[in-house]
Amino acid sequence: MCVDSPLPHLDRPFDYLVPHTAADTAVPGSRVKVRFAGQVVDGFVLAREAESAHEGKLLFLERAISPEPVLTPQVARLAREIADRYAGTLSDVLRLAVPPRHAKVEAAEAPPPADGPGIPDVDPDAWAHYTAGAALLRALRDGRMPRAVWTALPGEDWPARLAEAAAIGLAAGRGSLIVVADARDLDRLDAALLRALGGPGRHVALSAAIGPAERYRRFLAASRGTAKIVIGTRAAAFAPVADLGLVAIWDDGDDLHSEPRAPYPHARQVLLARAEQERCAAIVAGFGRTAEAQQLVETGWAIEVGAGRDELRRRMPRVVTVGEREHARDPQAAAARLPSVAWRAAREALAGGAPVLIQVPRRGYLPAVACADCYTPARCAHCSGPLALPAADGVPSCRWCGRPAAGHACPECGGRRLRAAVVGARRTAEELARAFPDTVVRTSGRDEILTAVPREPALVVSTPGAEPLADGGYGAVLLLDTWALLTRADLRGTEEALRRWFAAAALARPGAPVVVVADGALVAVQALLRFDPGWLAARELADRRELGFPPAVRIAALTGAPTAVAELLALAELPPGAEVLGPVPAAEGQERMLVRTARSAGKALALSLKAAAGARSVRKAADPVRLQIDPLDLI
């Protein structure tokens, strides 16, 4: 049995006796109740054996909850590998992999498999624009296991391409699993699969947004083999798929793919582990490319699937750079904070009847304000948090504690007037509405995310990741306040900035201007000018190899009270060559230590730290230590 216990020193199977009354119900993969440490807890049956190697007395199961085998052997093996890789427990991973049970859903009669018309033939012409694209489809059709890093062309209908790959696999009798970052991408992929498969019934979409009962119903459709194609957000990476032939992930650089709960697995790594275990095809796809995806190419694990330069030039927009300090001569352009080049690009696109996309990295009105006299950042008098202005006629308030600061006075000069330090998307939309008085201005962000906009003149102000699709593509794309992305104190800052820019620029019409307000000499801007994410990814990977950062190495981050972190490191038998870096301050009263080792010793590092955490749990140590393997936020 796998017993639901968060204690790392109890992360192992336990043997129980099965009473005759539960002999037909407690099947491998089913849920049970067992008595453990004086309490009745949940568990999963991992296997049934005639005898036990345990020499002591065995307890009987308390109750077999259901005969439904919700934990397949493949998922159980995958969960064990992910738990070991990320220094977690099997029960924590299974909590992510198997949704909670709904008895009514489970007892309902299962719908029959789809018996509609056959799967429509897939036209390979769209994939033929990519080098090795046609070969990738042939390998899927033949039931082989190709592995590819696919860089999509600007304007590509990527949901349709992934749906075609899944349809080809289904026609060959194999299942598919595709993971996307958010609900918008999931809806697009769902619609594309309905078209590619000729109707519903052959696939299911899993996400938390559909509700627990519906999610469990769709999960059962996959585990029972009714639906052989599963799509979803990060938790769907563990979904049971019969005869799995393809795993794919779109935009693997999106931080939504990283699980915020222990043991913090990344969906990309989960899918790559499945591809290895179940001997199936794998596609890592996006408009950009991460250093992790580049490493798959350079190590030979995957092939590169991308368009040739001639096809790319035909499909890509026209990228124009303009310096941050260039001032517009037109008063209206200056009022809208647009350089002359961006102003003209927007005006010409609107005159041509096309919408214009303006990407602004910050949401809100004025997310940060400063003294208008001495430029000192305005801070809260209670918690020292940054003050923000919610609207033109609003009262400044703290972004940390929420307290209003109507009577704020600068501690340096005593001034009471405030100026914008950072301009948000709503303030940008307000300025653009004044500069283009006869043009519709739409905003897309956290408060309201637009799915699509019609083919008509409009200004669409969006935060990164919330850009709506435009019918026929945008006539121009303006990338403003690029410093907010480029100056992030983050190991992945440059990679993340380019990923955001590629996502926006890919929505432009072929040949349409994409104006990026940044120095053209920056490497990220150079990659955008070339529309070559692989070039920057190769540079990033080379730099990380030289500096000793993931994915070139494996790093564990330990965060907690100084004494607790020191105790865990003292108990750990680190692999040879491991480096201990730090400490650095973390939250109040806590510090952070890093342990770095070679990639080949990554599993040994995780197991040693997990064993040390288990030793602390045996001692009932009071102060916890947060343990993360290859965290996204190293800096």
Side-chain angles (χ1 to χ4, degrees), residues 1-7 10-11 13-14 16 22 25-37 39-47 61-80 82-83 86 88-111 177 179-180 182-183 186 190 203-227 230-242 256-265 267 270 274:
M1 304 291 175
C2 171
V3 177
D4 188 2
S5 172
L7 301 177
L10 298 177
D11 183 31
F14 290 88
Y16 283 84
T25 308
V27 297
S30 64
R31 306 177 200 256
V32 294
K33 291 281 189 181
V34 296
R35 186 166 294 277
F36 189 79
Q39 295 180 331
V40 177
V41 299
D42 295 322
F44 288 98
V45 179
L46 298 179
L61 297 178
E62 287 290 316
R63 180 163 58 93
I65 297 176
S66 165
E68 186 74 38
V70 292
L71 179 61
T72 65
Q74 294 85 356
V75 174
R77 188 168 63 250
L78 172 69
R80 179 72 274 167
I82 295 302
Y86 286 95
T89 64
L90 179 60
S91 61
D92 280 343
V93 178
L94 292 181
R95 201 173 294 117
L96 303 174
V98 183
R101 178 176 181 256
H102 279 255
K104 289 184 178 180
V105 174
E106 198 173 275
E109 184 178 353
L177 175 57
V179 175
V180 295
D182 55 35
L186 186 60
D190 190 24
H203 80 281
V204 291
L206 298 177
S207 74
I210 60 178
E214 179 61 19
R215 183 184 177 193
Y216 190 59
R217 184 187 68 79
R218 298 182 185 185
F219 175 86
L220 291 180
S223 67
R224 293 168 176 172
T226 304
V230 176
I231 61 176
T233 49
R234 58 175 178 257
F238 293 97
V241 179
L256 291 176
H257 285 302
S258 182
E259 177 60 52
R261 295 170 292 179
Y264 318 105
V270 176
R274 291 197 79 163

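Here the structure is a predicted model, which is why all the values come from computation and not from measurement.
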For the residue pair P69 and P28, what are the closest heavy atoms and their distance? CB-O, 3.6 Å
Examine distances only and state if a side-chain atom of D4 and a backbone atom of S91 form a donor-acceptor pair shorter than 3.5 Å. no
With side chains defined as the heavy atoms from C-beta onward, is the minimum distance between F238 and L206 less than 4.5 Å? no
Y16 and V32: side-chain contact (heavy atoms from CB on, under 4.5 Å), yes or no, with the steps? CA-CA 11 Å; Y16 283 84; V32 294; over 6 Å; no
Compare every heavy atom of V45 with every heavy atom of V27, then report the nearest pair and how far apart it is. O-CB, 3.4 Å
Quick one: does any side-chain atom of R274 pair with a main-chain N or O of A237 as donor and acceptor, under 3.5 Å? yes
Got E259 and V270 here, is their nearest side-chain heavy-atom distance under 4.5 Å? no
Are the side chains of H102 and E106 in contact, using a 4.5 Å heavy-atom criterion? no
Close side-chain approach of P6 to T89, heavy-atom, < 4.5 Å: no
Side-chain heavy atoms of L10 within contact of V3, under 4.5 Å: no
Spell out, as yes or no, whether a donor-acceptor pair under 3.5 Å connects the side chain of R234 to the backbone of A267. no
Okay, side chain of Y264, backbone of G88: is any donor-acceptor separation there less than 3.5 Å? no
Test: E68 and R224 ion pair at under 4.0 Å: yes
